[in-house]
Participant: 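This is the structure I want to talk about, given as structure tokens.
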Number of protein chains: 2
Amino acid sequence: MVEKEKKDLVEEYLKTLKERGFRLTNQRKIIIETLLGNIGSHPNAQELLKKVQEIDPSVGIATVYRTVEILSQMGLLNLMNLEEGFNRFEIPGKTMHFHTFCKYCGKILHLNNEKEKEDMVKKWIEETGFKIIPQTFEISGICSECAEDIEKGDELICRCPSPNPTCRYRKGFGPGKGKCRMRWCNSND
Amino acid sequence: MVEKEKKDLVEEYLKTLKERGFRLTNQRKIIIETLLGNIGSHPNAQELLKKVQEIDPSVGIATVYRTVEILSQMGLLNLMNLEEGFNRFEIPGKTMHFHTFCKYCGKILHLNNEKEKEDMVKKWIEETGFKIIPQTFEISGICSECAEDIEKGDELICRCPSPNPTCRYRKGFGPGKGKCRMRWCNSND
DNA sequence: TTCGGTGCAAACTATTTGCATCAAA
DNA sequence: TTTGATGCAAATAGTTTGCACCGAA
């Protein structure tokens, strides 16, 4: 049944494209199928390309960007910005999602009772006459561990999954205390 | 008194920098004063540089980026992403801000009762143990005018402040219907 | 006097675009 | 047959970085 739902969704996406006058190319089909087949994975352009090339290695990055742009403009795809220097893509769900994002260690937690929160946000924007687009909210904060370090006056400590020895959070943040290239840590490179 | 408050804030910012071991250079002072003297303007790097160069024309863009990065890491500055292809900077206020952002025409509206909404969001993340950072929420949606067009099956129409004749929203979105370089419209270029 | 900070230009990286060619309709 | 779509490579644009010199502490 999950399989069925996905197929329906793909059809729906293709139908929308067609209605708008876009051609249903093989590349677009693969990209859409890949996106819909990996809901929850939030790929960036490179990751999406890689998956797509498993089906058809001849697809180019430009086509990925062009397709993603179209889908995004039609409200069929959301862009996520996690301050990583690039975008991630997300199929808008039926419900919205709510995350907290620790500004210091990058940790992401999912909030509960999303339906309830979604209703609340919908009510918020009623006064504007806007119709909401299902989306994911990233609420920036400081997680309890980092907050504790800061409170104690301690140097922050890198909590990335595989800490980089030169991550600035490993040795604290400040002059002469180590440095990393990316916003949070480059241990994932 | 507003003048006084700003001066205090500047002092606070400089003190925090110093405590972390950063040097209080003239450039950093100017950048911080400019940011704190233009709260609510949400400049990007270029705009900030321009303002800063009105005080000291010798300041370079690299220094702006480096300073902004430091402030951001210390929680003294928020980055805003409006899907424009670059970041805007924002001094975190005492209260959070809530905007709706029309995904089709780019219109931004401010919501009312921000304090109330802020309390709500704080309550949301209580369960995670996160401490919230004052921030601005951009809630993506479709404004009533664009929704109407879509409902009618009409082509969307560009509603940018100074419409670009080639904006895709001017002639509708789809093949052979005009095109613009930027995400929404390049009429601001 | 010592390093951290700066300006400059070069490098980098995600994304966009021009163009010849391909293929959906 | 028409014209939108693609792949490639080159171009963009925001941001970062190497380096020689400068200046805060």
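The chains referred to below are lettered A, B, ... by the order of the sequence lines, with proteins before strands, and numbering in each begins at 1. No hydrogens, no waters, no symmetry mates; every other heavy atom, side chains included, goes into these values.
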Participant: Step through the shown structure and confirm whether more than 12 heavy atoms of other residues, nucleotides or ligands are within 6.0 Å of NZ on A/K51.
Facilitator: no
Participant: Just the rounded figure in Å: distance from P of D/dT16 to CD of B/E69.
Facilitator: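 So the two atoms are 6 Å apart, to the nearest Å.
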Participant: Mind checking whether A/T100 and B/I132 have side chains closer than 4.5 Å, heavy atoms only?
Facilitator: no
Participant: Take atom CG of A/L79 and atom P of C/dA14, then tell me their distance rounded to the nearest Å.
Facilitator: 15 Å
Participant: Closer than 4.0 angstrom, basic N to acidic O: yes or no for A/K122 and A/E118?
Facilitator: yes
Participant: Please tell me which of the listed nucleotides, C/dT15, C/dC8, D/dC8, lies nearest to the side chain of A/A45?
Facilitator: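 Shortest atom-to-atom distance from the side chain points to C/dT15.
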Participant: For DNA chain C, whose closest nucleotide is more 5', that of A/N44 or that of B/V59?
Facilitator: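 Looking at DNA chain C, the more 5' nearest nucleotide goes with B/V59.
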Participant: Look at all strands and tell whether B/N87 reaches a base, only sugar-phosphate, or nothing, counting heavy atoms closer than 4.0 Å.
Facilitator: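 Result for B/N87 = sugar-phosphate.
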Participant: Output the rounded distance in Å from CZ (A/R66) to P (C/dA14).
Facilitator: 18 Å
Participant: Between atom NZ in A/K29 and atom C1' in C/dA25, what is the gap in whole Å?
Facilitator: 12 Å
Participant: Could you state the atom-to-atom distance from CG of A/L48 to C1' of C/dA14 in whole Å?
Facilitator: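 Checked: the CG to C1' distance equals 14 Å.
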Participant: When all nucleic acid strands are considered with a 4.0 Å heavy-atom cut-off, which category describes B/N26: base, sugar-phosphate, or nothing?
Facilitator: nothing
Participant: Mind calculating the distance between CG (A/L17) and P (C/dA24) to the nearest angstrom?
Facilitator: 15 Å
Participant: Which part of the nucleic acid, if any, lies within contact of A/I61, taking any heavy atom under 4.0 Å across all strands shown: a base, the sugar-phosphate backbone alone, or nothing?
Facilitator: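 No contact at all - A/I61 keeps every heavy atom at 4.0 Å or more from the nucleic acid.
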Participant: Scan A/R28 against the nucleic acid and name what it touches under 4.0 Å (heavy atoms): base, sugar-phosphate only, or nothing.
Facilitator: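 Sugar-phosphate, backbone atoms only, no base.
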Participant: Starting from C1' on C/dT15, measure out to CG on A/L71 and report it in whole angstrom.
Facilitator: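 Roughly 16 Å, once rounded to whole Å.
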Participant: Please give, in whole Å, the distance from D/dA25 C1' to B/L14 CG?
Facilitator: 15 Å
Participant: D/dT3 base to A/R23 side chain: any donor-acceptor pair below 3.5 Å?
Facilitator: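 Answer is yes: a donor-acceptor pair is held.
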Participant: Of all the nucleotides listed (C/dA14, D/dA25, D/dT6), which has the minimum atom distance to the side chain of A/F86?
Facilitator: C/dA14
Participant: Quick check on DNA chain D: between B/Q27 and B/Y65, whose nearest nucleotide comes earlier from the 5' end?
Facilitator: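 Closest to the 5' end, via its nearest nucleotide, is B/Y65.
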Participant: Whether B/K115 and B/D119 form a salt bridge (side-chain N of Lys/Arg under 4.0 Å from carboxylate O of Asp/Glu) is what I want to check.
Facilitator: yes
Participant: If the cut-off is 4.0 Å, is B/T25 near the phosphate of C/dT6, judged by side-chain N/O to OP1 or OP2?
Facilitator: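 For B/T25, the contact criterion (side-chain N or O under 4.0 Å from OP1 or OP2 of C/dT6) is met.
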Participant: Using 4.0 Å as the upper bound for N to carboxylate O, is an ion pair formed by A/E33 and A/K6?
Facilitator: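 Between A/E33 and A/K6 there is no salt bridge, as every charged N stays at least 4.0 Å from the carboxylate O atoms.
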